[in-house]
Amino acid sequence: MKPRPDAQHIDMVVTQLETIFSGARTNWTTWDTYYHRIFPLWETGSTRRVYRPSTATNRIDHAADTQFNFDPKVHRDPLGEGTDAQKAADRVEEALGAIMRDSQMMEPDLTWKLAARYLLLYGYTAIDGPTWVDPPDSERPRRTKNEEDAEFDERLRAYEASLVGWNPIRVKAAHPMSVLMDPMSKTPDPAIRLTAMYVKDVKALFERKRAQQRWLTDYVAKPNEQPYDKLDTIDFWGDGWHCFKMKDHEGMYAERNPWGFNPLEHAFSGLGKEKGDDLGNPAYRAVGLLGPVLDSLKAEAQAQSAKLSGLFRSVFAPLMTTEDSAELTAQIATGDVIHIEDMDAVSWLKYPEIARWMFEITRELAADIEAGTVSSIVAGGREQGVTTVGQHLMMSSAAQRKFAAPALQIDHLATLVGQRILQMVWIRQRDITVGKTTLKWRDIGDPRGTKGNFNVRVNFEVVDPIIHMQQREMGQREVTMGLKDRETYWEVDERIPNTSQRRARLLDQQAEDHPIMQLFRQAAVARGKGMPDAADAMEAQAKAQLDAEMAAMGQAGQNGQAPTGGMGATPTTVDRTVRGAQPGVPQPPEMSILERQL
């Protein structure tokens, strides 16, 4: 392990990375003014009317809402052969998905939705996590002197209750301005988080680290500091160390990083590219949707402001008179009835009418903004002249291709987070339970249980209901034709996360639906209601039918024929669902809903 970084080294890295990202940060500050609709519209001191449409904001929000999902779907390949390996993989998939969803809900903002919005606005996004957070009272309470039994039992029950269902994993979407990382690496070392903390929290943190016997130099408060004053801090992860220091104060502590990774990841949108004569400058790679259309956004706001000014001038035009204007003003102010001797002495000031070409300009600007950002068709709009579902789908698919690269970046960041969650659970050797699912650390290891395997894939699939329906219908036909197995149909077409559980439930249902099983169940009910004779008769009937079916199956096997009876002969629910009305009876292919609409 490399030696512990000192304060001078950390400050040097921060300064260099701030210089590298200076151009990108300047762009982000400008784009923020457009997203929040506070950008300057006219020169300083101008008295012109200011109207800023919501175009910049709704372009980002519509794209994030329609092109990105925030419900993680996890896939893990089995680590061995056989049903046990498949069941372990299914358990990991289900539990890891539950942990990531639960961790997202613990944050004030939905982590992955906010990350997608940052990626579209700034062309750059960062994930802070995963981090491991123990319960607030992670140490088992100890009985204090003279403490009564009832009081101690209450504290003990509260402690045990806090551990039930506790999810220690935290994952946040970090604002791009709050992180510093090497722009040429996807998982950089070092990685730096810039935060602001209250004075009281900084003091508590250093007291806790001192109790843990971490290396530190004490935090030195400045005169007149109040508990809720904010202080700038630096979180440094790199070289196998985690260091925390004050930016403008004395105080730093250092501890070894036990996880084997830095809990910060970042990605660029793929909408920009490096400049040939300025390679390595992230300002040209961190390009969001608004960057190329800033001029059009400002011109549109100016044109809309001009039209609005013309509207107000025309509607609220000043009144003119050749008589005493003070007298007319006083009459208008005192009542609705005024006295005018000469009608020609009063008239309205006429302004030039708004020409038609002014509306053409705003339409041209709107078209340029749409071409440079996101087509309205992906937000549910329909182009003029598009009358069929097929035409709409083709245009929608073409418009959505622009977001393939940003979506892939979000998927990969989520995959890194998922893999690192497994790594943390394996290192801690501690199960995590969320709801009804448990991520068992032993399921993460290889079949021998000696080495952890953290390979998973996480994605956020945006499912179109019509396309999904078509896919399921095509999958059913392929299963019927023998071109696809049921498990692939469940995983790919129905998107079932736990196929082992589906298989077990179908087998249970198949057994419950069998007439012999129903006779045994009816016998148990009759016996519970005090009718032993009826129960004995039903059990005898069930045993006789079972013996007959077993004998028939044995005879068929001796003759080289396929068995036709027994508990396994009844078609399963998936047979009825996939194959149609009767298994073995050819059914004419039906047109799907999408095919009929096309």
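These values consider heavy atoms only, across backbone and side chains, with no hydrogens, waters or symmetry-generated copies. What you are looking at is a predicted structure, and each value in this text was computed from that prediction instead of being measured.
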Check your understanding: Are Asp109 and Lys172 ion-paired here, with the side-chain N under 4.0 Å from a carboxylate O?
Key -> no
Point to revise | Salt-bridge contact Lys73-Glu93 (side-chain N to carboxylate O under 4.0 Å) | key: no
Review point. Quick one: which of Lys203, Glu207, Lys209 gives a side chain to side chain contact (heavy atoms under 4.5 Å, CB included) with Leu205?
Key: Lys209
**Study point:** Side-chain (Asp201) to main-chain (Met197) donor-acceptor, under 3.5 angstrom
**Key:** no
Exercise for review: Would you confirm whether Gln429, through its side chain, and Trp441, through its main-chain N or O, come within 3.5 Å as a donor-acceptor pair?
Suggested key: no
Exercise for review: Could you list all the side chain to side chain donor-acceptor pair (under 3.5 Å) pairs where at least one residue sits in residues 33-46, not counting sequence neighbours?
Suggested key: Tyr35-Asp61
**Study point:** Contacts of type side-chain contact (heavy atoms from CB on, under 4.5 Å), residue Leu408, not counting sequence neighbours
**Key:** none
Review point. Do Ser103 and Asn167 have side-chain N/O donor and acceptor atoms under 3.5 Å apart?
Key: yes
Point to revise | Exam field: side chain Ser296 to backbone Leu365, donor-acceptor pair closer than 3.5 Å | key: no
Check your understanding: Under 3.5 Å, side chain of Thr437 to main-chain N/O of Val434, donor-acceptor pair present?
Key -> yes
Check your understanding: Where the side chain of Thr125 meets the backbone of Ala173, is there a donor-acceptor pair that is under 3.5 Å apart?
Key -> no
Exercise for review: Only counting residues at least two apart or in another chain, list the ones meeting side-chain contact (heavy atoms from CB on, under 4.5 Å) with Ala174.
Suggested key: Ala126, Asp128, Ser178, Val179
**Study point:** Check: Thr111 side chain, Glu107 main-chain N or O, donor-acceptor pair, under 3.5 Å
**Key:** no
Review point. Around atom NZ of Lys186, are there more than 12 heavy atoms of other residues, nucleotides or ligands at under 6.0 Å?
Key: yes
Practice item. Answer yes when Asp102 and Arg170 have at least one side-chain N-carboxylate O distance shorter than 4.0 Å, and no when they do not. Key: no
Practice item. Report the residues that fulfil side chain to side chain donor-acceptor pair (under 3.5 Å) with Thr233, sequence neighbours left out, ordered by chain and then residue number. Key: Thr195
Exercise for review: Can you tell me which residue pairs pass the ring pair (Phe, Tyr, Trp, His ring centres under 6.0 Å) test with a partner in residues 167-196, sequence neighbours excluded?
Suggested key: Tyr118-His175, Tyr122-His175
Check your understanding: Does any non-hydrogen side-chain atom of Phe261 lie less than 4.5 Å from one of Thr187?
Key -> no
**Study point:** Contacts of Glu487 that satisfy side-chain contact (heavy atoms from CB on, under 4.5 Å) - sequence neighbours left out
**Key:** Gln86, Asp485, Glu491, Thr499, Arg503
Review point. Does a donor on one side chain and an acceptor on the other come within less than 3.5 Å for Glu300 and Thr362?
Key: no
Check your understanding: Arg76: what forms a salt bridge (charged side-chain N to carboxylate O under 4.0 Å, His left out) with it, not counting sequence neighbours?
Key -> none
Study note, to complete from the structure: By side chain to side chain donor-acceptor pair (under 3.5 Å), Gln104 pairs with (sequence neighbours left out) none
Revision key, fill the gap. With sequence neighbours left out, the residues meeting side chain to side chain donor-acceptor pair (under 3.5 Å) with Trp132 are Asp134
Exercise for review: Would you please say whether a donor-acceptor pair under 3.5 Å links the side chains of Thr438 and Asp431?
Suggested key: no
Exercise for review: Would you check if Gln423 and Trp259 make a side-chain contact, meaning some heavy-atom pair closer than 4.5 Å?
Suggested key: no
Check your understanding: Can we say Lys247 and Glu18 salt-bridge, meaning some charged N sits less than 4.0 Å from an Asp/Glu carboxylate O?
Key -> yes
Review point. Using the ring of each side chain (for Trp, its six-membered ring), is Phe460 parallel, tilted or perpendicular to Trp112, with breaks at 30° and 60°?
Key: tilted
Practice item. May I ask you to check whether over 12 heavy atoms, not counting those of Asp295, lie within 6.0 Å of atom CG? Key: no
Review point. Is there a side-chain contact between Lys402 and Leu289 (heavy atoms, below 4.5 Å)?
Key: yes
Review point. With sequence neighbours left out, what residues match Lys200 under salt bridge (charged side-chain N to carboxylate O under 4.0 Å, His left out)?
Key: none
Review point. Partners of Asp411 by side chain to side chain donor-acceptor pair (under 3.5 Å), sequence neighbours excluded?
Key: none
Exercise for review: Look only at the side chain of Gln302 and the backbone of Leu41, and say whether a donor-acceptor pair between them is shorter than 3.5 Å.
Suggested key: yes
Check your understanding: Do the side chains of Met252 and Phe244 get nearer than 4.5 Å, heavy atoms only?
Key -> no
Review point. What pairs meet the ring pair (Phe, Tyr, Trp, His ring centres under 6.0 Å) rule with one or both residues in residues 180-201, with sequence neighbours excluded?
Key: Tyr198-Tyr228
Check your understanding: Is the shortest heavy-atom distance from the side chain of Ile427 to the side chain of Pro258 under 4.5 Å?
Key -> no
**Study point:** Shortest non-hydrogen contact between Leu416 and Glu265, atoms and distance
**Key:** CD1-CG, 4.1 Å
Practice item. Search all heavy atoms of Gln67 against all heavy atoms of Phe403 and return the closest pair with its distance. Key: CG-CD1, 3.6 Å
Review point. Is there a side-chain contact between Lys275 and Asn281, using heavy atoms and a 4.5 Å cut-off?
Key: no
Review point. Under 3.5 Å, is there a donor-acceptor pair linking the side chains of His242 and Asn262?
Key: no
Exercise for review: Using a 4.5 Å cut-off on heavy atoms from C-beta on, say whether the side chain of Leu231 contacts that of Asp248.
Suggested key: no
Revision key, fill the gap. Nearest heavy-atom approach of Leu119 to Pro406 is CD2-O, 3.4 Å
Practice item. Could you tell me whether a side-chain N or O of Asp229 sits under 3.5 Å from a main-chain N or O of Gln226, the two making a donor and an acceptor? Key: yes
**Study point:** Donor-acceptor pair, side chain of Arg49 and main chain of Phe312, under 3.5 angstrom
**Key:** no
Check your understanding: Of all heavy-atom pairs between Arg59 and Val374, which one has the smallest distance, and what is that distance?
Key -> NH1-O, 2.5 Å
**Study point:** Check: Asp239 side chain, Trp241 main-chain N or O, donor-acceptor pair, under 3.5 Å
**Key:** no
Review point. With a 4.5 Å heavy-atom cut-off, do Ile127 and Val171 have their side chains touching?
Key: yes
Review point. Pro72 and Gly97: which non-hydrogen atoms are nearest, and at how many Å?
Key: CG-O, 4.2 Å
Exercise for review: In plain terms, say whether Asp443 and Arg91 are close enough for a salt bridge, that is, a side-chain N and a carboxylate O under 4.0 Å apart.
Suggested key: yes
Practice item. Specify the closest pair of heavy atoms between Leu194 and Ile192, including all atoms of both residues, with the distance to one decimal. Key: CD2-CG2, 3.9 Å
